[in-house]
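Contents: one structure, followed by commentary.
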Amino acid sequence: MAGTSEVVSEVGQGRPGCSIDRVERAVAAVEGRWKLLILHHLLVREPRRFSELERAIPRVTQKMLIQQLRALEADGIVQRIVYPEVPPHVEYRLTEAGTALVPALNALHDWAVDTEL
């Protein structure tokens, strides 16, 4: 049986420019307990205010939600839009790179449904 690195190498052989580095960066961008849920909620409806995301994911702490949103923003997956109002109004939406994750998230959803997780 082939090891994981051999399987990944075989998968990437047919794709120009595919490398383990790129796969590792992609996984790092969405790893974490809450990032995929945040992305899911932004896919369902965007833009979303911070408080809406807090209500949509009740088990996440405010601190963790802030950290995960900042990381997604730093990776160019989520855009933070600040409206100069009183009180401050901040919304989050997917960037073009975030929207490109739709097929992968749909596949993950289908897999979860098919395997009855």
Side-chain angles (χ1 to χ4, degrees):
M1 179 169 201
T4 304
S5 60
E6 293 171 32
V7 172
V8 172
S9 297
E10 291 172 16
V11 170
Q13 284 179 357
R15 301 192 66 189
C18 184
S19 71
I20 298 299
D21 246 11
R22 288 180 184 221
V23 172
E24 286 176 355
R25 283 196 312 263
V27 169
V30 296
E31 76 181 340
R33 183 170 180 185
W34 305 108
K35 286 182 182 178
L36 290 174
L37 282 174
I38 292 167
L39 293 173
H40 165 75
H41 286 290
L42 289 174
L43 283 170
V44 170
R45 186 172 57 84
E46 66 173 352
R48 289 263 187 149
R49 294 179 96 165
F50 181 83
S51 60
E52 292 174 316
L53 287 168
E54 255 185 326
R55 284 191 299 272
I57 312 168
R59 293 186 324 234
V60 68
T61 64
Q62 190 176 66
K63 177 183 175 183
M64 185 55 66
L65 182 58
I66 290 167
Q67 287 176 348
Q68 299 289 273
L69 284 165
R70 284 183 182 160
L72 288 166
E73 184 182 10
D75 287 331
I77 297 171
V78 169
Q79 178 184 16
R80 181 176 188 259
I81 304 161
V82 180
Y83 296 93
E85 302 173 348
V86 176
H89 178 138
V90 177
E91 292 180 342
Y92 294 90
R93 69 174 53 241
L94 295 174
T95 62
E96 190 174 322
T99 304
L101 285 168
V102 171
L105 292 171
N106 284 338
L108 182 62
H109 174 269
D110 294 345
W111 173 76
V113 169
D114 291 346
T115 58
E116 299 180 9
L117 288 178

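- Atom CG in Leu53 sits 10.5 Å away from atom CD in Glu46 (nearest 0.5 Å).
- Hydrophobic clustering, with ILVMFWY side chains joined whenever heavy atoms are under 4.5 angstrom apart, groups Leu101 together with Trp111.
- In terms of heavy-atom proximity, Arg48 sits nearest to Ala56 at NH1-CB, 3.8 Å.
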Go through the steps for His109 and Leu105 under the test side chain to side chain contact (heavy atoms under 4.5 Å, CB included), then give the verdict. CA-CA 6 Å; His109 174 269; Leu105 292 171; over 6 Å; no
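- Among Leu43, Leu65, Val30, the one residue that satisfies the side chain to side chain contact (heavy atoms under 4.5 Å, CB included) test with Ile38 is Leu65.
- In the displayed structure, Arg59 atom CZ is contacted under 6.0 Å by at most 12 heavy atoms of other residues, nucleotides or ligands.
- Between the CD atom of Glu24 and the CD atom of Glu31 there is a distance of 10.5 Å, given to the nearest 0.5 Å.
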Show the atom names and distances, to 0.1 Å, of all donor-acceptor pairs under 3.5 Å that link a side chain in residues 69-90 to residues at least two apart or in another chain.
from, atom 1, to, atom 2, distance (Å)
Arg80, NE, Tyr92, OH, 3.3
Tyr83, OH, Glu91, OE1, 3.2
His89, ND1, Arg49, NH2, 3.2
His89, NE2, Glu91, OE2, 3.0

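- Atom-to-atom distance recorded for Met64:CE and Arg33:CZ is 9.0 Å, nearest 0.5 angstrom.
- Taking hydrophobic clusters as Ile, Leu, Val, Met, Phe, Trp and Tyr residues chained together by side-chain heavy-atom distances below 4.5 Å, Val113 does not share a cluster with Val102.
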